[in-house]
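Below: one structure, written as structure tokens.
Quick caveat, the model's predicted, so the values are computed rather than measured.
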Amino acid sequence: MKYKFLFFPLLLLSLFSCSDNMQYDLAIKNATVLIVETGEQKEQQNILITDGKIVKITDQKNFKSKQEIDAQGKLVTPGFIDTHIHPTDVFGDYDEAPLYIPKDSVENYRQQLSREYLPYGITTALMMGHPENWLDDIIQWKDGNSRYTDFLTCGGALISKEEREPYIGHLTVDSENSAKEKVIEYHHKGLEHIKVYHRLREPEFSAVIKTADSLNMKVFGHIGDFDPKRLSIQQTLEKGLKNYEHIATLPYSIIRTESEWEKFDTHFESLFGRANTLEKVLMMFLEAFRYIDENKTDDINELIKQLGQNNTTFSTTLGLIHRQFKSSHYFPLSENSLSKEQIERSKANFEIMMRYLKRMSESGIPIRIATDSKFGGKTLLTELKILSDYGFSTQEIFKISTLNGAQAIGLGKEIGSIEKGKTANIIIWDKSPFDNSENYFSEKTIIKNGTRLN
């Protein structure tokens, strides 16, 4: 009989433990939540959000909220993270971008830039080069405003002194001391990221790396274009660089001697002519992959091994190259001067490049999305489809476009996955990309900092 008397207290205790007296700002009900670390999809989950943060993820039914969204079993993922953008692409590129942002237009520029990213699910992006005199106006664009993508900045991309006029987004440091001082200045302004360009030489390069490391700043490098005299990936690895831009640059750290460069250059001209247009330059990147695949496989395999051993990350930037020879959902085939034969060869070369990108990912090198494009959001979704077309699983693709980027930019504890305590930057998918890769382009509901945008 004593067990009978214990039954009712236990029942009451159970009911109270299942209730939740807290009122949340937003509840996303009946969600299929993607766990990006593992690829697991947890069904019938409720994501409870307050003050822009995820407070709880539970299958508990008893809770109160000011607003509710019934996900109806749809896939729910973190917002995307683009780790390489240039606002100058949106505001006018090389010739038309303003030299400064008028004080009365700062909000309009922010809105204009965000329109290229947020409607497509990009909730965080890292700017890697813009006019330095924009810096004071845009440094606060990482403030978590629910109406905009959070834009972090590296300031100007650092280069060494040259005879030619620097590009609008580049910043010249002309000595070891000036390089050190610039990094310290950026740190004092609140920047946490630095961008180095392949035209940054010694001793400025080492000064940047050492100073940034001492200040716990993340450094990102576009390394090794078209000139064997410039620093290679291997050399910059030894100096401590961890984050590399654009998979297409990889072969130029393999083609390193003057004689070998001349040999490759002659080879390329015999197939494509002079690399004097954008599409020819891009096709030269791809042809370099075929060249090292046929002539330097031991070298490229050793480089990939070194990248993995040094805990590096590498970014994508696939869309601009891809649309030179193939149309996609948002982008028709670019008008260019390539012949049919050159296009077919470039398609095959692109496949070689993607094979190496897949090998890098499988070797444990975190790949992250970097659109580096005027059409940021459209390009990001296109890159996800490209990754799928070339053998990446949907699980891998979501990790590449969310958590890998968050961790690379030092925000892995704040964004990049749907977890308790993280910012509620969330996408609810009308159609799941796990069912069909075309669904990357499907309609989405965007939650930014806990606020529904559409």
Side-chain angles (χ1 to χ4, degrees), residues 6-38 40-81 107 110-111 114 117-125 140-152 398 402-403 406 411-432 442-454:
L6 285 174
F7 174 77
F8 290 105
L10 289 173
L11 177 60
L12 289 172
L13 179 63
S14 175
L15 289 172
F16 279 118
S17 67
C18 291
S19 65
D20 190 339
N21 293 323
M22 180 176 179
Q23 186 177 44
Y24 301 95
D25 291 341
L26 174 65
I28 303 174
K29 299 169 52 179
N30 304 317
T32 299
V33 176
L34 176 66
I35 311 302
V36 291
E37 297 92 332
T38 64
E40 178 188 2
Q41 297 179 59
K42 297 187 69 172
E43 298 180 351
Q44 294 300 307
Q45 298 296 299
N46 303 304
I47 306 170
L48 307 179
I49 299 163
T50 291
D51 294 331
K53 299 288 186 181
I54 298 170
V55 179
K56 186 183 292 187
I57 305 166
T58 179
D59 58 5
Q60 173 186 324
K61 304 299 183 184
N62 299 318
F63 54 82
K64 301 175 184 177
S65 62
K66 298 174 185 177
Q67 296 183 56
E68 285 187 357
I69 299 174
D70 188 348
Q72 300 177 328
K74 295 174 183 175
L75 178 68
V76 177
T77 70
F80 295 129
I81 298 167
E107 192 74 3
R110 185 180 188 183
Q111 186 178 59
S114 195
Y117 295 91
L118 193 53
Y120 303 93
I122 302 174
T123 50
T124 305
Q140 299 304 323
W141 290 4
K142 62 179 181 179
D143 61 3
N145 191 311
S146 61
R147 294 179 296 165
Y148 306 117
T149 292
D150 291 329
F151 294 108
L152 297 83
F398 273 112
T402 59
L403 188 60
L411 295 177
K413 293 182 179 180
E414 299 174 35
I415 57 175
S417 59
I418 298 177
E419 296 182 61
K420 179 181 177 179
K422 288 195 173 184
T423 300
N425 293 340
I426 292 169
I427 303 172
I428 305 173
W429 296 78
D430 274 15
K431 298 179 181 179
S432 172
S442 69
E443 293 296 316
K444 307 163 187 66
T445 298
I446 312 299
I447 311 295
K448 174 64 169 54
N449 285 74
T451 299
R452 178 175 181 165
L453 301 183
N454 55 346

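Here the side chains of L411 and L152 are in contact, with some heavy-atom distance below 4.5 Å. With contacts defined as side-chain heavy-atom distances shorter than 4.5 Å, the pair N425/I81 does not qualify. A heavy-atom distance below 4.5 Å is found between the side chains of R110 and N145. A 4.5 Å side-chain heavy-atom check between T123 and T149 finds every atom pair outside the cut-off. Side-chain contact between P78 and F398 is absent, with no heavy-atom pair separated by less than 4.5 Å. A 4.5 Å side-chain heavy-atom check between I427 and F80 finds at least one atom pair inside the cut-off.
For the residue pair W429/T77, the side-chain donor-acceptor check at 3.5 Å is satisfied. Side-chain atoms of T423 and K53 form a donor-acceptor pair, as typed in the model, at a separation below 3.5 Å.
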Evaluate Q44 against K61 for side-chain contact (heavy atoms from CB on, under 4.5 Å), listing each step before the verdict.
CA-CA 10 Å; Q44 294 300 307; K61 304 299 183 184; 3.9 Å; yes
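Minimum interatomic distance between I57 and K420 (heavy atoms only, all atoms of both residues): CD1-N, 4.2 Å. What you find for L75 and S432 is that their closest heavy atoms are CD2-OG, 3.6 Å. For the residue pair K56 and Q60, the shortest heavy atom distance occurs at NZ-OE1, 3.9 Å. Here the closest heavy-atom approach between residue A406 and residue G416 is recorded as CB-CA, 3.8 Å. Here the shortest heavy-atom pairing between I54 and I418 reads CD1-CG2, 3.9 Å. Of all heavy-atom pairs spanning Q67 and S65, the tightest one is O-OG, 3.0 Å.
Atoms CG and CG, on N46 and D59 in that order, are 7.5 Å from each other to the nearest 0.5 Å. In this structure, CD1 on I69 lies 7.5 Å from CD1 on I49, to the nearest 0.5 angstrom. To the nearest 0.5 angstrom, K42 atom NZ is 12.0 Å from L34 atom CG. For the atom pair M22 CE and K64 NZ, the distance stands at 12.0 Å (nearest 0.5 Å). Atoms CZ and NZ, on F63 and K29 in that order, are 5.5 Å from each other to the nearest 0.5 Å. Atom CG of L118 is separated from atom OG1 of T124 by 9.5 Å, given to the nearest 0.5 angstrom.
Among the candidates N454, I446, I47, T445, the single residue satisfying the side chain to side chain contact (heavy atoms under 4.5 Å, CB included) test with I428 is T445.
Salt bridge K66/D25: present, at least one basic N to carboxylate O contact under 4.0 Å. Using a cut-off of 4.0 Å between Lys/Arg side-chain N and Asp/Glu carboxylate O, R147 and E107 are scored as salt-bridged.
Within a 6.0 Å sphere centred on CD of Q111, heavy atoms belonging to other residues, nucleotides or ligands number more than 12.
Between the side chain of N30 and the backbone N or O of G73, no donor-acceptor pair lies under 3.5 Å. A distance-only check finds no donor-acceptor pair linking the side chain of S417 to the backbone of E419 [under 3.5 Å].
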